[in-house]
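Remarks on the structure that follows.
The shown structure was predicted, so the numbers you read here are calculated from the model rather than taken from an experiment. Residue numbering restarts at 1 for every chain, and letters A, B, ... go by the order of the sequence lines.
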Amino acid sequence: NCLTLCRGLHIHHTFESGGLFPSMLERHPELAATITTLEAEHAKIAGLLEALQTLVSTPSTTSVLAAVDELITELTQHLDYEEEQLIPLLD
Amino acid sequence: GSFGAALRLIHGAFRRELALVRREVASS
């Protein structure tokens with residue numbers, strides 16, 4: 001489940017960075033700073049996902065749990081910010 | 001309209017899945 005989630009998140013963020021963000025930026029140039037922040041968060045989350053995928057192959061549950069908690073913190077913050085900034089413009 | 005709702009749905013699914021993964025890791 002953990003690896004499936006990592007792959008799913010990676011694909012989702014790749015779609016946003018490659019399709020959604022450029023198209024929104026074209027229609028709403030004022031979003032430039034927001035998109036830059038979201039892209040930086042995508043890069044940070046990609047690093048966390050990579051670290052988690054490496055940890056899953058090691059036997060220590062404690063370190064995996066810490067990595068999952070860190071991912072939850074970062075991702076929750078990222079999703080909240082993205083919804084707050086983009087959804088009013090998509091609706 | 002529907003695109004915003006779709007994004008929220010996708011995000012909701014990731015939030016739920018991640019909480020599930022956390023429970024699985026914590027109980028393993």
**Message:** At a 4.5 Å cut-off on heavy atoms, which part of Glu24(B) comes close to chain A: side chain, backbone, both, or neither?
**Reply:** side chain
**Message:** If we define contacts as heavy-atom pairs under 4.5 Å, which of Leu71(A), Leu75(A), Leu89(A) has the most with chain B?
**Reply:** Leu71(A)
**Request:** Answer yes if the ring centres of Phe21(A) and His42(A) are under 6.0 angstrom apart, and no otherwise.
**Result:** yes
**Ile87(A) vs Phe3(B) side-chain heavy atoms within contact, under 4.5 Å** = no
**Message:** Which one wins on heavy-atom pair count under 4.5 Å against chain B: Val68(A), Thr4(A), Ile72(A), Val64(A)?
**Reply:** Ile72(A)
**Short side-chain to backbone donor-acceptor contact, Thr76(A) and Thr73(A), under 3.5 Å** = no
**Request:** Go through Glu84(A) and Arg8(B) one step at a time and tell me if the salt bridge (Lys or Arg N to Asp or Glu O under 4.0 Å) criterion holds.
**Result:** CA-CA 10 Å; Glu84(A) 176 195 303; Arg8(B) 211 184 278 280; over 6 Å; no
**Request:** Among the options Leu5(A), Leu65(A), Leu9(A), Leu79(A), pick out the one with the most heavy-atom pairs lying under 4.5 Å from chain B.
**Result:** Leu79(A)
